[in-house]
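Working notes for the structure below.
Bear in mind the structure is a predicted one, so any value in this text is a computation, not a measurement.
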Amino acid sequence: MDHPHITAMAMLTAVLPILVMAAPSAVATDRSSNNTDLDALLVFKSQLIDPSRMLASNWTSEVSFCHWVGVSCSRRRQRVTALELPGVPLQGELVPHLGNLSFLHVLNLTYTNLVDSVPDDLGRLPRLVILDLLNNSLSGTIPSAIGNLTRLQTLDLGYNQLHGQIPNELLSLNDLRYLSLRANYLSGLVPNFSATTTPFLSFLNVNNNTLSGCIPNGIGSLPLLRFLWLKYNQLTGQAPSNIFNMSRLELMSLGRNNLNGPIPGNESFKLPMLQQIDFYKNKFTGRIPLGLLACKRLEILNIPGNLFVDVVPSWLAQLPQLTGISIVGNFLVGPIPGVLSNLSNLQNLDISFANLSGQIPVELGAMRQLTYLHLASNELTGSFPASLGNLSRLNYLNIESNQLNGPVPSTLGNARSLQCLRIRSNNFGGNLDFLESLGNCRELQFLIISFNPFTSGSLNPNHVANLSTKLLGIEAVDNNIIGSLPATLSNLSALYFVSLENNQLSNAIPESLAMLENLNVLALSMNSMSGPILTKLGMLRGLVSLVLNNNKFSGSIPNGIDNLTMLQILDLSYNNLSSTIPTNLFHLENIITLYLSDNFFSGALPSDLR
């Protein structure tokens with residue numbers, strides 16, 4: 001007959017001696033393991049410069065390594081489970097000894113100025129879940145031993161100097177969720193990540209490398225993929241049709257490759273979660289994919305620089321979440337659909353270099369969120385819509401190189417957030433009174449109005465004086481501008497360049513322009529200006545280009561010209577300048593182009609001129 005109580009006691013008596021005897025061995029093992037971790041950390045520290053002395057003040061024998069900054073340990077065994085020092089300027093190497101941290105789950109050394117290679121020994125960390133070495137200066141190749149890290153979920157080696165191929169051993173990382181190798185010098189093929197090899201992969205970024213070959217078919221089978229970044233590589237061939245049929249994909253970035261061929265039709269194009277698509281600078285053909293119409297979450301459509309042949313699709317107006325549209329440089333025909341004004345969230349609209357015709361729809365003035373409107377280099381006709389002045393958030397407006405005509409509307413001054421206005425190379429006429437309204441645009445930095453036949457207009461000094469003090473550049477070439485150059489230009493103290501060539505300006509350059517200490521370019525050629533060149537020219541010490549040819553300037557070249565040490569281009573040809581040429585003019589350190597012909601200079605050239 002069994003006696004449970006006695007049996008339990010007997011069992012306890014039998015087990016206790018074993019536990020008691022085993023305990024010293026277990027303690028010794030733990031101590032040995034702890035010493036292994038300690039040694040690995042100390043060797044790592046010894047290879048670092050540690051300019052901030054963060055480790056020097058904390059990684060000491062007076063403190064248990066489990067309490068060192070950036071180190072975490074398990075409670076029971078006191079083994080290192082995490083080494084995290086993101087953003088600490090360590091300046092050193094990854095030592096192989098880190099491979100001895102056998103309980104390590106997390107290694108995060110992003111932005112720590114690490115150099116040299118990634119040690120193969122990191123492949124001996126069987127419990128590693130996160131390996132994040134983003135933004136260092138690591139070189140060499142990606143160790144194939146990383147493929148041994150079967151528990152790894154996050155691998156980020158982006159923004160380093162790694163080269164060679166992406167090892168196919170990464171296909172063994174069956175638990176991988178996040179892979180980023182962007183901004184390195186990696187070459188060769190993209191491994192065939194698939195539902196079989198990496199079924200949990202949701203983020204794949206290999207942007208900015210020199211990867212070649214085709215996009216692997218397996219990528220389209222990844223059931224959980226949400227973000228696909230393949231931009232800025234040398235990928236070729238057609239994109240596999242299955243990547244356009246992924247139920248969870250939110251972002252597809254294929255830009256700046258050499259991909260070609262058509263995009264699958266409506267039946268095979270199913271990306272219900274898609275928010276951003278980028279085909280920039282490839283060779284995709286056919287029509288703009290109609291399947292996008294079903295992508296009701298789409299926010300960014302970026303497909304410039306391809307070979308699409310189409311009209312601007314009016315169905316884009318049925319994608320209510322769109323904030324950005326760029327279809328630049330395709331073979332588009334026809335007008336801009338006014339119905340695009342229904343896109344109440346749209347901020348960026350770029351349909352430049354696209355052969356569009358017709359008028360700019362007045363309805364675009366209803367797009368109150370619009371900040372960027374680029375319609376340049378088309379064949380647009382008609383007038384400048386006054387309604388564009390309603391775009392109170394607009395900061396960039398470019399309608400240059402079209403066939404627009406009529407006056408520039410004064411309502412433009414209501415677009416008070418405007419920073420850049422480019423209307424050059426059209427047929428705009430009328431006067432320059434719209435400059436008065438631009439005085440309301442206090443953020444204006446660039447005013448480009450060249451090559452328009454304004455029928456009458458001098459530059460009103462008051463209008464010029466009231467322009468934004470943030471103005472960096474004025475370009476008004478070949479605009480039939482008459483009268484004097486306003487002295488009030490000197491109020492615009494931030495001016496970087498002024499180009500008023502090929503007009504009908506007369507009289508002298510105002511001496512006040514010498515106050516524009518930030519001026520780099522002053523171009524006034526092919527006018528009828530006269531009088532002396534600025535006597536205080538030497539005050540413009542940042543001047544890089546001074547182009548005054550084909551005027552009627554007289555007198556001598558100002559003595560202060562030797563102060564212009566940054567000057568690279570000087571053209572004073574075809575004027576009435578006289579006296580001798582200053583010797584120091586030929587010794588300006590950075591001068592590249594010097595034209596002085598067709599004047600009335602006297603004296604000899606310097607004997608050392610070569």
Side-chain angles (χ1 to χ4, degrees), residues 301 311-320 322-328 332 334-354 356-449 452 454-455 463 467-468:
L301 174 62
V311 297
V312 178
S314 58
W315 51 257
L316 290 175
Q318 300 178 48
L319 299 174
L322 275 174
T323 61
I325 297 174
S326 177
I327 48 181
V328 181
L332 307 180
I336 300 171
V339 72
L340 292 182
S341 62
N342 292 343
L343 296 172
S344 57
N345 293 313
L346 199 68
Q347 299 174 20
N348 300 318
L349 178 59
D350 191 343
I351 324 178
S352 56
F353 297 90
L356 298 177
S357 57
Q359 300 188 3
I360 299 175
V362 295
E363 294 93 330
L364 297 188
M367 305 176 77
R368 298 303 175 88
Q369 301 300 315
L370 205 63
T371 62
Y372 184 97
L373 180 57
H374 195 350
L375 306 176
S377 297
N378 283 290
E379 298 176 12
L380 299 172
T381 57
S383 61
F384 192 139
S387 62
L388 295 186
N390 297 331
L391 302 176
S392 58
R393 298 192 178 189
L394 193 68
N395 56 56
Y396 182 91
L397 176 58
N398 189 341
I399 54 175
E400 67 185 21
S401 299
N402 281 287
Q403 300 170 28
L404 301 167
N405 55 44
V408 177
S410 59
T411 55
L412 201 54
N414 296 330
R416 300 195 174 200
S417 298
L418 199 61
Q419 297 178 21
C420 180
L421 175 63
R422 301 182 66 101
I423 61 172
R424 72 199 307 264
S425 299
N426 278 285
N427 296 312
F428 292 124
N431 55 38
L432 297 171
D433 286 352
F434 68 93
L435 295 178
E436 180 180 14
S437 69
L438 290 179
N440 296 323
C441 304
R442 304 315 299 166
E443 303 298 319
L444 192 65
Q445 297 180 30
F446 296 98
L447 177 59
I448 313 297
I449 63 174
N452 283 291
F454 295 111
T455 52
H463 297 172
L467 290 173
S468 166

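Here the side chains of I351 and L332 are in contact, with some heavy-atom distance below 4.5 Å. With a 4.5 Å cut-off on side-chain heavy atoms, Q445 and E443 do not count as touching. Within the 4.5 Å cutoff, side-chain heavy atoms of L356 are placed close to those of V312. Residues T381 and N402 have side chains not in contact (no heavy-atom distance under 4.5 Å, counting atoms from C-beta outward). Side-chain contact between L343 and I325 is present, with at least one heavy-atom pair separated by less than 4.5 Å. Under the 4.5 Å side-chain criterion, counting only non-hydrogen atoms from C-beta, I336 is in contact with L380.
Between F434 and F454, the ring-plane angle classifies as tilted under the 30° and 60° cut-offs.
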In a table with atom names and distances, give each donor-acceptor pair under 3.5 Å that connects a side chain of residues 404-419 to protein atoms at least two apart or in another chain.
{"unit_1": "T411", "atom_1": "OG1", "unit_2": "A386", "atom_2": "O", "d": "2.8"}
{"unit_1": "N414", "atom_1": "ND2", "unit_2": "T411", "atom_2": "O", "d": "3.4"}
{"unit_1": "S417", "atom_1": "OG", "unit_2": "S392", "atom_2": "O", "d": "2.8"}

Taking only distance into account, with no hydrogens and no angle test, what donor-acceptor pairs under 3.5 Å do side-chain atoms of residues 359-367 form with protein atoms, sequence neighbours excluded?
none

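Between N398 and H374, the closest heavy-atom pair is ND2-CE1, 3.2 Å. The nearest pair of heavy atoms linking N426 to I399 is ND2-O, 3.0 Å. Contact record, L467 with L438: CD2-CB, 4.0 Å, taken as the closest heavy-atom pair.
The closest donor-acceptor contact from the side chain of N345 to the backbone of P320 lies under 3.5 Å. The backbone N or O of A376 lies less than 3.5 Å from a partner atom in the side chain of N378, making a donor-acceptor pair. Put simply, the side chain of S468 gets close to the backbone of R442: a donor and an acceptor are under 3.5 Å apart.
With rounding to the nearest 0.5 angstrom, the CD1 atom of I448 is 8.5 Å from the CG atom of L421. To the nearest 0.5 Å, atoms CG (L375) and CG (L349) are separated by 6.0 Å. The line from SG of C420 to CG of L447 is 9.0 Å long, rounded to the nearest 0.5 Å.
Among residues two or more places apart in sequence or in another chain, the ring pair (Phe, Tyr, Trp, His ring centres under 6.0 Å) test is passed with F446 by none. Among residues two or more places apart in sequence or in another chain, the ring pair (Phe, Tyr, Trp, His ring centres under 6.0 Å) test is passed with H463 by none. Here F384 pairs with F428 under the ring pair (Phe, Tyr, Trp, His ring centres under 6.0 Å) rule; sequence neighbours left out.
The one candidate from N348, L397, L394 that meets the side chain to side chain contact (heavy atoms under 4.5 Å, CB included) condition with T371 is N348.
For residues 364-387, there are no salt bridge (Lys or Arg N to Asp or Glu O under 4.0 Å) pairs, not counting sequence neighbours.
More than 12 heavy atoms of other residues, nucleotides or ligands lie within 6.0 Å of CD in Q369, so this atom counts as buried by the packing criterion.
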